[in-house]
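Order of listing sets the numbers, starting from 1, for every ligand and every atom in it.
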Amino acid sequence: MSAGVRAAPLPPASQPPDPPASGDRKPGIFAPPLLRAALVASIRKLSPRAQARNPVMFVVYVGTFVTLLLTAQAAAQGRPWAYELTVTALLALTVLLANLAEGLAEARGKAQAASLRSAREDVTARRLTDGREETVPGALLRRGDLIVAGSGDLIPADGEIVEGLASVDESAITGESAPVIREAGTDHSGVTGGTRVLSDRIVVHVTSGAGESFLDRMIALVEGASRQKTPNEIALGILLSGLTLVFLLATVTLYPFTAYAGAPAAPVTLVALLVCLIPTTIGGLLPAIGIAGMDRALQANVIAGSGKAVEVAGDVDVLLLDKTGTITVGNRLATDFRPLPGVDPADLMRAALLSSLQDPTPEGRSIVALARERGVNAPEPAGAEFVEFSAQTRMSGVDFVTPAGPVSIRKGAGSRVADLARERGAAVPPELTGITDAMARGGATPLVVVENSRLLGAVALSDVIKPGIRDRFEQLRRMGLRTVMITGDNPLTAAAIAREAGVDSFLAEATPEDKLAMIREEQRGGRLVAMMGDGTNDAPALAQADVGLAMNSGTQAAREAGNMVDLDSDPTKLLEIIEIGKGLLITRGALTTFSVANDVAKYFAILPALFVTAYPDLGALNVMRLHSPASAVLSAVIFNALIIPALVPLALRGVPYRPMSASSLLGRNLLVYGLGGLLLPFVAIKVTDLLITPLF
Ligand SMILES: Nc1ncnc2c1ncn2[C@@H]1O[C@H](COP(=O)(O)OP(=O)(O)OP(=O)(O)O)[C@@H](O)[C@H]1O
Ligand SMILES: [K+]
Ligand SMILES: [Mg+2]
């Protein structure tokens, strides 16, 4: 198998566009092992320090102690205390259930991360010290170490290949069984701990020691120890704390009213009322929603550097995408040779072939294949010096010496090669633009070939638009995002592909510096920008973008510059990340709406019942006809506690949504979650009241 891979190396960037199904890594939300871990966590989170992180739930926490004291007081004074104790138990349950929601989210994230991590444990490493090889446990590796991995070896740590080339089985990380080629000095030099070398030998510069790989960092983030609140979470937290304060004042001022009416409300009842009124539902679910966003990124095989990165993805306004390999399949293949008038087609094909014999890009290899297919063959000239393609020069070629004199062949972007031909003293025939424009308008990339000072013609490189990409851009547009295609290709080809793919705009003949400038420009206009990349020259742009998704196969510089890494190295993953980010923000918004609507409804459900003794006239308002003030309060507190676990699946899976503009989405969610949140408590509290009435 490895021999086959070697004979026909796979272009590393041409993995299937569709991410592997992630269902196999997704355990059920209440799966027993997760539930057990979450239960333990929910007890551990009872410490005052953990509770103080969440102001809304902290009020419930303090309230529980207050009602406990009131229970003890009643018992000490010989009064009945069953009602007090029940309220205390229900408030404690509320705190525990909120902890459980967070614990479940953490357990899920940890389970996913652990299944990724298990691949890399107990690996031995062949470390190179002063040219000598020694075997050490993988856990002892440090950043900066050099290791050797040969055929069949597991790579013990994340790193960058500094010497050699190998085909690597990354299925342990990506779930993708096709081997990929990783090579020193290219944009595919990154290797990940836990993947296996199938053939050849590589020397790897370790970039993260034991416990500090991307994966380790993500596990720590999910585990909460190093989890920090995101800006949106902090803003919402302040809003919820404000609401809590308002309700606290409202509840406290109720007391004088009831006292004045001659039937002072019991302090326990006031605490219960307060807990029902403050936004405990969203307060309890908020951490779980944030963790779930990171979980979902991990399920998509994307490792996020922080929760903020995922969240920002949901707010992105502009998406910058590469053409070749992102919008198109990336296997740009030579499909035609078009000689200039007076040029023998065989001369064009021979020159194109010679200049490509050592060109390892898919473009170069396909030119060799097409020329041979058309019956042209030429051996590599002795002493040939290959000139590698670079995005700066947009050319590649070969120089060699024949008995007749030196020969210099270049092939590349039309404008660059025409300039070069002029420099070499050639006149550029007017027919050349006709040939290249015709190719470009059809969406192909023309490569112009020049031999010494003679222009020969052009090679057409055709690429195929990825299936389904048009629909995805359409979806993004409906969500209010703008897509911009950036390409090193000429404007005509760019325009043709842009039109076919349905992107909003494009930037052609772009250098890596242009990318960075464009991101800055958008950001100056107050927009959030997402981009993906894999090369060292993408690193500045990845660092500048608000969401920078680096390919795992990319260089170390790119992986460190971005704030996310895609283990599948699939450029279209950016679209998925944006959907995950949007899902996170929408879920948080929907559950906040639901929670606040709930609280309002509870207010109207309980108050009339409370005051009916003091003000019998309020009986008319008591539309729910609850059994008694005590049963009304208990029903509301029971509902308030149980709604938290009931919404855990929604919080973790995310609110289902269809791509649409922010305003129509807001309208729709207000209707579903606002109206639903208003009505549900009435029904649920009435049913609970009926169920517990026999106990009175
Ligand atoms: N192997 C090659 N040899 C010579 N010229 C090439 C080769 N590959 C590409 N080119 C030329 O260089 C141009 C720029 O290539 P570059 O990789 O920077 O951008 P691209 O692949 O066209 O677009 P994208 O930025 O979307 O990947 C191409 O449009 C083509 O004209
Ligand atoms: K509440
Ligand atoms: Mg390219």
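Atom CD of E388 has 12 or fewer heavy atoms from other residues, nucleotides or ligands within 6.0 Å. Within a 6.0 Å radius of CZ in R338, no more than 12 heavy atoms belonging to other residues, nucleotides or ligands are found. When the shell of 6.0 Å around CD of E380 is examined, it contains more than 12 heavy atoms from other residues, nucleotides or ligands. Counted within 6.0 Å of OH on Y603, heavy atoms from surrounding residues, nucleotides or ligands total 12 or fewer; the atom is thus considered open.
Distances from atom 22 (O) of ligand 1 to the heavy atoms of K515, K323, R332 show the closest one on R332. When the heavy atoms of T487, I327, L447 are ranked by distance to atom 23 (O) of ligand 1, first place goes to T487.
Our summary of the site lists the angle at the K ion (ligand 2) between OG1 of T280 and O of C276 as 160°, to the nearest 10 degrees. Draw a line from the K ion (ligand 2) to OD1 of N640 and another to O of V275, and the angle between them is 90° (to 10°).
No N or O atom of N490 sits closer than 3.5 Å to an N or O atom of ligand 1. Residue-to-ligand polar distances place D489 within reach of ligand 1: an N/O pair is separated by less than 3.5 Å.
The nearest pair of heavy atoms linking L357 to A378 is CD1-O, 4.0 Å. Shown here for T94 and M57, the closest heavy-atom pair between the two residues is O-CE, 3.9 Å. Listed here is the closest heavy atom pair of V398 and S355: CG1-CA, 3.7 Å.
A donor atom on one side chain and an acceptor atom on the other are not found under 3.5 Å apart for S595 and N598.
By the salt bridge (Lys or Arg N to Asp or Glu O under 4.0 Å) test, D187 pairs with no residue at all, sequence neighbours left out. Qualifying side chain to side chain donor-acceptor pair (under 3.5 Å) partners for T483, counting only residues two or more places apart in sequence or in other chains: D504.
Heavy-atom proximity to T445, at under 4.0 Å, picks out these atoms of ligand 1: 29 (O), 30 (C), 31 (O). Proximity to S396 (heavy-atom distance under 4.0 Å) selects the following atoms of ligand 1: 2 (C), 3 (N), 4 (C). Heavy-atom contacts of I486 reach the following atoms of ligand 1: 25 (O), 26 (O) (cutoff under 4.0 Å). With ligand atoms numbered from 1 in the order given, ligand 1 contributes 31 (O) to contacts under 4.0 Å with heavy atoms of A413. Below 4.0 Å from some heavy atom of T361 lie the following atoms of ligand 1, by number and element: 1 (N).
The distance from the K ion (ligand 2) to the nearest N/O/S atom of I278 is under 3.4 Å. At a cut-off of 3.4 Å, T281 is not counted among the residues with an N, O or S atom near the K ion (ligand 2).
At a heavy-atom cutoff of 4.0 Å, ligand 1 is contacted by the side chain of D359 but not by its backbone.
Nearest N/O/S atom of D599 relative to the K ion (ligand 2): this is OD1.
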